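First the proteins, then the strands, lettered A, B, ... as listed; each starts at 1. Only a predicted model underlies this, so the values are computations on that prediction, with no experimental measurement involved.
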Amino acid sequence: MNFGFTDDQQAIKRTAREFLKERYPAATVRRLAEEERGFTEEQWQEVAELGWPGVIVPEDSDGLGLGTVELVVIAEEMGYALAPTPWFSTTAATLMLVAAGTEAQRERWLGALARGEARGTLAVWDEHAGWAPDHSELEPDADGKLTATKIAVPDAGSADFLIISGADGRHWLIEASDSGVRISPEEAIDPTRKLFRVELSRAAAEPLQGAGEAIARAYATVVTMLAAENVGVGQRAMEMAVTYAKDRAQFDRPIGSYQAVSHRCAQMLLEVEGSRSLCYWAAWALDHEPDTGPRAGSMAKAYAGDAGFRVTASALQVHGGIGFTYEHDLHFFLKRAHANAHAFGDSRWHRDRVADLAGL
Amino acid sequence: MNFGFTDDQQAIKRTAREFLKERYPAATVRRLAEEERGFTEEQWQEVAELGWPGVIVPEDSDGLGLGTVELVVIAEEMGYALAPTPWFSTTAATLMLVAAGTEAQRERWLGALARGEARGTLAVWDEHAGWAPDHSELEPDADGKLTATKIAVPDAGSADFLIISGADGRHWLIEASDSGVRISPEEAIDPTRKLFRVELSRAAAEPLQGAGEAIARAYATVVTMLAAENVGVGQRAMEMAVTYAKDRAQFDRPIGSYQAVSHRCAQMLLEVEGSRSLCYWAAWALDHEPDTGPRAGSMAKAYAGDAGFRVTASALQVHGGIGFTYEHDLHFFLKRAHANAHAFGDSRWHRDRVADLAGL
Amino acid sequence: MDLTLSPAEEAFRDELRGWLEANHPGREPAGDDAAFEFRRVWQRKLHDAGWAGLSWPEEYGGRGATLVEQAIFNEEMVRARTPSVANVLGLAMGGPTVIAHGTEEQRKRFLPAILSAEEIWCQGFSEPGAGSDLASLKTRAVRDGDEWVVTGQKVWTTFAHHAKWCMMVARTDPEAAKHKGLTYFLMDMEQDAVQVRPLRQITGESEFNELFIEEARVPKENIVGREGEGWAVAITTLMHERATLAFGLQVSVQIALRELIETAGNARGLNGAVASEDPVIRQRLAQLLIESEVLRLNAYRGLSAIMRGGVPGPEGSLGKWHWSEVNQSLTELAMEIAGPRAMLSASDGNWSYRFLRARANSIEGGTTEILKNIVAERVLGLPRMR
Amino acid sequence: MDLTLSPAEEAFRDELRGWLEANHPGREPAGDDAAFEFRRVWQRKLHDAGWAGLSWPEEYGGRGATLVEQAIFNEEMVRARTPSVANVLGLAMGGPTVIAHGTEEQRKRFLPAILSAEEIWCQGFSEPGAGSDLASLKTRAVRDGDEWVVTGQKVWTTFAHHAKWCMMVARTDPEAAKHKGLTYFLMDMEQDAVQVRPLRQITGESEFNELFIEEARVPKENIVGREGEGWAVAITTLMHERATLAFGLQVSVQIALRELIETAGNARGLNGAVASEDPVIRQRLAQLLIESEVLRLNAYRGLSAIMRGGVPGPEGSLGKWHWSEVNQSLTELAMEIAGPRAMLSASDGNWSYRFLRARANSIEGGTTEILKNIVAERVLGLPRMR
């Protein structure tokens with residue numbers, strides 16, 4: 001019984017921190033944020049060389065065959081660096097294939113994914129459905145083709161295939177190159193993760209197989225990754241706020257010596273650490289305690305969704321006016337925390353799930 | 001358009017403040033809190049001499065023929081002094097009779113009420129129904145007799161009659177002396193307002209008449225009075241906290257010079273003043289704008305219910321350990337604020353009503 | 001207590017309501033310049049009809065309106081959902097400051113052009129190093145004959161790129177104690193020595209500016225109040241900001257909330273049901289209805305207090321602070337109602353923009369921390385924070 | 001990361017679980033004295049079976065258990081809903097302090113009787129004028145031969161009326177700087193010079209006491225640590241209070257929340273529906289489930305950190321502070337679920353009492369304000385509040 005990381009996990013964390021710090025300094029993040037695609041092929045290849053796209057791909061498909069804890073370690077660092085990369089979206093698609101792909105789909109894609117030769121993404125929101133991430137009303141045509149519009153699909157513009165959710169928990173794989181697929185950029189609040197509108201017009205769709213439970217666990221893993229990103233985002237925003245509070249003086253003393261500021265920072269720590277505990281637990285449970293996993297994942301997402309936004313907004317308040325300028329980096333963190341809070345089910349929705357799963 | 005009180009209203013307020021301060025010092029409140037009945041006949045006679053039981057009784061029934069604003073002025077001061085008196089409960093019953101009493105009921109009771117010769121109360125909660133104050137399931141027997149148990153009925157032990165609510169918004173008047181009525185004290189959190197259990201066993205019941213709308217307005221007036229009490233309670237608790245924060249020193253300076261304390265006190269002011277604005281507006285609307293009245297009353301009750309508890313709890317935190325002792329007076333205010341928040345619909349219920357009445 | 005309108009007030013309201021029905025300018029066009037021009041035209045139209053500077057004395061082009069009429073005016077503007085005017089700061093802060101502390105010449109010179117929106121005003125108080133601690137400002141002004149020469153840097157100057165006049169505080173006596181050596185100037189923005197650099201905000205737009213002032217010239221007749229007494233004049237400006245704007249702010253919340261309720265009535269919420277029928281959303285909308293009512297009522301109670309007592313007091317700080325919290329909650333709820341569209345900038349009703357913009361509410365015009373200090377010290381009489 | 005139990009840990013758990021099944025003492029009786037006697041018997045039973053002072057070294061009557069075993073122990077106590085033990089402060093604070101700072105003689109003298117509940121301990125730190133500012137305490141101790149003579153007043157001494165020993169800090173050098181002149185004593189409560197006056201609380205019960213100390217005698221061998229170094233020893237006690245008790249506190253929240261969910265499942269809520277099916281209540285119960293999970297996980301993460309680093313650190317402050325907020329929310333929600341019964345003292349599940357009792361949570365054992373200061377200064381490294 002030990003919350004500490006193994007040596008291997010520590011090594012991944014250290015590598016991630018150093019690599020991302022080196023390759024994604026604030027200026028780079030800012031530049032990528034202003035571009036439409038948000039990353040370069042070279043940057044993706046570097047990520048692939050670290051093996052990250054294959055973390056949860058089995059070793060016999062060229063992956064690392066690791067688990068959710070390792071995903072969460074990387075996701076937290078991704079949030080800390082706010083690195084714009086399609087690693088999250090492609091990992092989400094990979095999780096779906098590992099959980100519920102047909103033999104042929106796994107054969108076709110997993111190795112390529114692990115080697116960084118292909119990318120995927122996960123499209124859940126119908127244009128006109130409610131906000132629940134599992135509430136798609138999409139039905140295939142009689143011949144299995146799909147016609148629909150999905151919104152806010154991350155990194156779809158650079159993906160080779162899309163996993164599409166539909167009514168009754170069904171999912172399909174569609175290749176981006178299909179003539180029935182039209183992908184166009186949407187203006188996202190968070191410019192460090194590119195969102196796209198995906199219009200399908202009788203697109204060829206291969207159904208996934210796999211049981212509902214495996215898919216549920218894959219979704220729980222996806223939201224745990226987002227929660228972990230918010231841990232990193234919150235940690236970084238808190239560090240920025242603490243540093244600013246030490247440096248900035250008003251009325252002849254550092255603002256961090258005022259309780260209005262220092263207690264605010266203490267509250268940030270409370271929420272960041274709480275988020276972190278839940279994420280690590282959820283990750284571990286998803287790997288080792290299948291019954292607990294989905295509940296833990298929803299707990300982590302609900303808490304870290306709220307906390308990420310509150311911590312970054314609070315950090316902005318500590319910074320005062322300067323934090324409200326585009327020139328300062330803080331707003332990128334606030335926007336990511338906000339977007340993550342609303343992606344794949346907001347806190348309200350995940351609390352409802354926690355209540356369901358706790359038998360309430 | 002003027003939020004200021006008229007000269008008459010100012011005079012009532014001044015009299016109330018002085019009379020209650022004189023007659024209900026902390027030691028008296030504390031003594032009455034520990035008695036079962038909670039007030040003496042002499043004390044009631046003093047209140048009656050001021051005309052307060054007759055504030056909303058028409059002048060031709062020996063009342064003052066005044067309105068809700070005057071009730072609220074008195075209720076606020078009652079809360080400020082935390083005077084244990086059955087004025088609230090008897091006024092609640094009086095409001096019901098004025099709104100919906102039959103000619104005979106009004107004839108029989110209103111004059112006596114106004115002169116302080118009789119007291120009534122209002123019993124709403126069935127023992128086994130839900131918590132909504134309008135959710136009684138009580139039905140009369142075929143011959144009109146009532147058999148039921150009502151809980152948490154204020155001052156029933158010293159009332160001459162009870163107004164009993166039932167299913168479908170019906171109400172009855174029952175005399176306390178009826179052989180089918182059994183009244184026993186309940187242990188209340190707030191010892192400055194005595195609560196009773198009322199068991200009816202085929203008690204003779206006279207139905208009230210009057211339209212649903214008049215009754216709804218009477219209830220809105222009752223909850224506005226409770227809200228006004230919480231304004232006075234909150235004001236007093238805030239004053240206690242501010243005084244303590246000025247006097248108490250820790251780490252060689254008054255604790256009120258720490259933002260953790262001073263900002264807490266500022267928050268109290270925000271909530272007390274907000275409650276006060278809503279109460280005055282609701283009172284005015286109940287007298288002058290019938291369409292707005294019930295919505296305003298529910299707004300005042302919801303806000304002042306929450307605020308009263310938060311302000312008194314916050315004042316306790318400012319006081320630290322000493323505020324948690326029975327010897328200190330603060331807890332009586334906290335308990336009243338809490339009880340008022342839950343009486344006649346809690347904040348949740350009143351917010352639901354606000355939503356309904358706003359057409360949501 | 002009498003919250004009804006007098007016959008005169010009713011007549012005023014009916015007149016205004018009729019005028020607004022006939023003269024409503026429609027929706028603001030997109031684009032900063034187009035919108036600003038639209039607001040200028042709208043203000044001129046209001047002014048021509050005698051609706052601008054309503055409460056100013058008639059001799060200065062106002063209407064000498066009562067505070068209640070001013071309130072009715074604001075209420076009717078909400079009801080009609082009118083756009084903003086161009087010279088917000090001139091009307092709400094500049095004019096009242098000149099009326100209170102200016103000379104007769106200054107009043108004659110400046111007030112008419114404020115009303116007509118011919119001359120737009122901006123405010124140069126904050127500096128990079130002097131935010132909440134305003135009196136630590138470093139911009140200097142040195143006497144040179146009949147002029148003062150001003151050098152320094154200002155930030156958060158709204159409308160600077162449209163402004164003719166900047167109400168500005170600068171240090172004229174570097175030897176004096178912090179609050180003593182300051183003087184209040186009206187600086188002409190149309191000189192090369194004043195450079196305006198737009199400050200891009202997290203919303204992407206540039207509503208605010210930085211001013212770089214390099215030996216700008218201000219004639220001595222443009223000092224408001226006396227040399228070295230700028231702090232007191234600045235406080236008047238800030239009080240008017242918090243009091244007058246607070247009334248406008250509660251009105252803007254009423255509008256926004258009405259729009260949000262409409263949005264919620266059309267949005268499909270959790271599991272596809274209508275968002276405004278969701279019990280959890282309903283609770284929060286109801287709470288916002290209540291809080292926005294508190295803002296409105298407190299503003300009116302403030303008016304009643306001013307009617308009895310004279311000048312706006314520190315209680316105005318309460319309204320500004322409370323408004324910022326309500327507006328932040330409101331926009332956060334809007335994001336919740338937007339569901340996955342909360343991630344997109346182009347949400348219906350511009351909610352994503354408003355959500356980001358609201359983060360500044362608790363900073364601009366006095367941070368919440370400073371406002372709480374003011375309430376604690378000046379309203380509750382608690383000891384000064386050390 | 002490995003949140004599974006090792007085979008040894010599983011064996012420990014199974015043994016304990018079996019023992020608890022066989023030996024659970026049932027529900028605590030009503031009445032202060034009866035309840036206390038019940039707790040004493042229960043502790044003795046635990047001790048006899050080797051379950052008391054689990055983590056203490058074996059040479060002092062403990063089991064030398066690992067921190068994880070200690071955690072498992074707490075978890076199993078929750079699962080079995082066991083009552084409290086009698087000597088809470090002796091086990092959680094007194095024993096660990098004596099182990100850390102005491103002499104070998106003191107360990108031998110005091111530890112066994114703590115474990116067996118023969119000698120109950122209380123804590124005399126706070127004074128009427130020294131609450132959060134503990135080091136400003138005024139109780140004096142003057143040397144008289146081989147004894148110290150103690151005079152002063154203490155408050156908030158839980159269990160004082162049952163206690164044999166009081167761990168107490170007194171000023172032994174009035175000339176020294178505030179934190180320097182203090183010494184840590186173990187004072188025998190069984191002397192006339194020590195008067196215990198129960199302090200009635202807002203709940204009506206008297207869980208705490210005041211101590212009036214008039215020339216009480218403490219032999220010099222009952223000093224823990226050295227003369228003048230009492231502050232450091234007291235900090236150890238407080239750290240253990242926050243760290244060890246925090247683990248117990250999260251367990252108590254788990255129990256309470258489970259009970260509240262049961263209550264909500266049986267209560268008729270708004271408009272007669274089952275309370276736990278109400279969407280608004282469900283949201284709040286779910287949030288409490290999440291927050292209480294955070295408390296549990298943070299406590300475990302704290303253990304992992306101690307296993308790596310040694311002593312409990314200031315992070316313990318985080319848990320105590322967070323717990324108080326969670327427990328207050330929980331009891332407030334219980335009142336909401338109680339509906340009109342929230343006005344009555346005799347509510348089902350004793351929720352009204354717990355609701356009132358919870359108000360002290362953010363004060364006792366370090367106010368939330370002080371804990372936030374500690375977190376800000378010692379964990380985040382922010383400048384000292386002035």
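- Proximity to chain B (any heavy atom under 4.5 Å) is restricted, for D:K178, to the side chain, taken from C-beta onward.
- Listed here is the closest heavy atom pair of D:G129 and B:Q250: O-NE2, 2.9 Å.
- A salt bridge links B:E327 to D:R197: at least one charged side-chain nitrogen sits closer than 4.0 Å to a carboxylate oxygen.
- A donor and an acceptor atom, one from each side chain of B:T325 and D:Q201, are nowhere located under 3.5 Å apart.
- With hydrogens and angles ignored, the 3.5 Å screen pairs no side-chain donor or acceptor of B:H342 with any backbone N or O of D:A338.
- The closest side-chain heavy-atom distance from B:Q317 to D:I363 is below 4.5 Å.
- Of the two parts of D:N361, neither the backbone nor the side chain holds a non-hydrogen atom closer than 4.5 Å to a non-hydrogen atom of chain B.
- Here D:R268 contributes atom CZ and B:H128 contributes atom NE2; the two are 9.5 Å apart, rounded to the nearest 0.5 Å.
- Using a cut-off of 4.0 Å between Lys/Arg side-chain N and Asp/Glu carboxylate O, B:E186 and D:R341 are scored as not salt-bridged.
- Both the backbone and the side chain of D:E336 come within less than 4.5 Å of a heavy atom of chain B.
- Top candidate by heavy-atom pairs under 4.5 Å with chain B, chosen from D:D278, D:V155, D:N373, is D:D278.
- Ranked by heavy-atom pairs under 4.5 Å with chain B, the first of D:P128, D:S132, D:A267 is D:S132.
- Looking at D:A130, the atoms closer than 4.5 Å to chain B (heavy atoms on both sides) all sit in the backbone: N, CA, C or O.
- Residues meeting the ring-ring contact (aromatic ring centres under 6.0 Å, His included) test with B:H331, sequence neighbours left out: B:Y326.
- Under a 3.5 Å cut-off, the side chain of B:K335 and the backbone N or O of D:I202 do form a donor-acceptor pair.
- Within residues 305-314 of chain B, the residues approaching chain D closer than 4.5 Å by heavy atoms are, in numerical order, B:F309, B:A313.
- Residues D:L344 and B:L195 approach most closely at CD2-CD1, 3.8 Å, considering heavy atoms.
- D:T203 approaches B:F324 most closely through the heavy-atom pair CG2-CZ, 4.4 Å.
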